[in-house]
Amino acid sequence: MKALEGVRILDMTHVQSGPTCTQLLAWFGADVVKVERPGKGDATRGQLQDIPDVDSLYFTMLNHNKRSITLNTKKDSGKAIFTELIKSCDVLAENFAPGALDRMGFSWERIQEINPRIIYASVKGFGPGPYEDCKVYENVAQCTGGGASTTGFPDGPPVVAGAQIGDSGTGLHLALGIVTALFQREKSGRGQRVECAMQDGVLNLCRVKLRDQQRLAHGPLKEYPQYPNGTFGVATPRAGNASGGGQPGWIVKCKGWESDPDAYIYIIAQAAAFDGLARVIGHEDWLEDPEWNTPAARLPKIDQMFAEIERWTQTKTKFDVMDTLNPLNVPCGPVLSIKELSEEPSLRATGTVVEVEHPTRGSYLSVGNPIKLSDSPVEVKRSPLLGEHTDDILQEVLGMDEAAIAAAKADGAV
Ligand code: CAO
């Protein structure tokens, strides 16, 4: 038994943000019916292809455990099938450009009329306001949601993160909105509209930066590298690798950094574990020195402190540093490359990294479900080929017979 067994999702999502959301719901057991344009499908099937004419990793890694039906929702015969699908699904999820579903003739009002129990969930770039009609991709959301202005070094330009906080981050928000609406429906009997704007999702993840914006009004941000010698402007600045919390942290070089771009480790010089850290790096003298032996004394010279820590870390590999500092309760984490993560046995053992078999691509690696439920096991199944389940869905979900399916095909509806 899976947590969302019996829930059927009409999945009109494409690219990354929406598919991330419906993939999670599929992993929790929902029957996700992905609707794709006949002959074309989700644009990502053909984007960043590593093997000619084979569904890209971009697509396969975002669409596990789903079924695919091709359907032209702009043709009258396709709209009729789509209407029947709305009747037989619990959730309609989409992340088209603003207004696309309305232009097809399926406004929220119309969808509610067809099925008052349906939950209609959307991702858009922006919520209501001056930019509501704009199309948005990942990095646009990172820039407009506060991510880019607060990422990078103080003397450099804004930088976007590798983590897809705009797309996959908003997909996570949407998934929570959907299950919450399903829970409410248990009591109210009614569906509802769930909307997540990518700008809002990124800003939510930048919450601590709005905290700092308000702290700035009361003096310099003492944990930022600008303190005490640099200057602060009117807005939360970029903080390099400074820790966002109350304990000083930084990324320092380890043995081999000259040739290995990932030979670094993050170290948090937490006050409670400072004695052990000072001793291990050969600075026992700091423990008696009032210039060093309190957090307040160290605060104006955090850069000097990390330079001294780095003199020690450069003599050891990032894994040796990890092994030495953890027993001393010094929080630290090696900068792991994606190659190292893909080969990490413990991530394979938990199903966070999985190997999946695909009929035209062979086997590939994917990230499995990072959310572990003790009573709802996840089996990661390959993504569907374009239209692989069209006939099954028309028969089994809509009860169409062979003649009706043949007619829909002849008309170009599916
Ligand atoms: N049958 C018929 N038509 C279909 C169809 C189907 N099954 N599926 C999609 N279409 C149509 C849409 O109705 C739309 O037509 P109109 O322009 O006439 O309304 C058209 O295909 C293209 O859809 P789109 O505008 O959403 O696609 P795009 O490639 O131009 O834009 C994107 C992509 C992502 C920028 C846009 O969808 C968007 O802003 N989405 C919301 C934000 C979002 O989720 N962004 C994250 C994407 S991941 O990086």
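Everything numeric in this text was worked out from a predicted model, so none of it was measured. For ligands, and for the atoms within them, numbers begin at 1 and follow the listed sequence. When a residue number appears, it is its place in the shown sequence, counting from 1.
- Residue-ligand proximity: Ser17 is placed with a non-hydrogen atom under 4.0 Å from ligand 1.
- Ligand 1 has no N or O atom lying under 3.5 Å from any N or O atom of Ala100, backbone or side chain.
- Taking every non-hydrogen atom of Val15 and a distance limit under 4.0 Å, the qualifying atoms of ligand 1 come out as 47 (C), 48 (S), 49 (O).
- Using a 4.0 Å cut-off between charged nitrogen and carboxylate oxygen, Arg185 and Asp90 count as a salt-bridge pair.
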Pair Trp312-Val321, side-chain contact (heavy atoms from CB on, under 4.5 Å): steps then yes or no: CA-CA 9 Å; Trp312 173 75; Val321 176; 3.8 Å; yes
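- The cationic atom of Arg298 (NZ for Lys, CZ for Arg) lies less than 6.0 Å from the six-membered ring centre of Phe274 and within 45° of the ring axis.
- In this structure, Met198 counts as a contact residue of ligand 1, since one of its heavy atoms falls inside 4.0 Å of the ligand.
- The side-chain heavy atoms of Val353 and Glu343, taken from C-beta on, include no pair separated by under 4.5 Å.
- The ligand atoms of ligand 1 that sit less than 4.0 angstrom from a heavy atom of Asn72 are 1 (N), 2 (C).
- At the top of the distance list for atom 28 (P) of ligand 1, counting protein heavy atoms only, stands Lys135 NZ, 3.6 Å.
- At a 4.0 Å heavy-atom cut-off, ligand 1 touches Arg103 through the side chain alone.
- Residue Tyr364 is tested with Ile51, Thr60, Asp50 for a side chain to side chain contact (heavy atoms under 4.5 Å, CB included); the sole match is Thr60.
- Considering only non-hydrogen protein atoms, atom 13 (O) of ligand 1 sits nearest to Met104 CE, 3.0 Å.
- The main-chain N or O of Ala413 is never found under 3.5 Å from a side-chain atom of Asp411 such that the two would form a donor-acceptor pair.
- Residue contacts with ligand 1 do not include Lys75, since none of its heavy atoms lies under 4.0 Å from the ligand.
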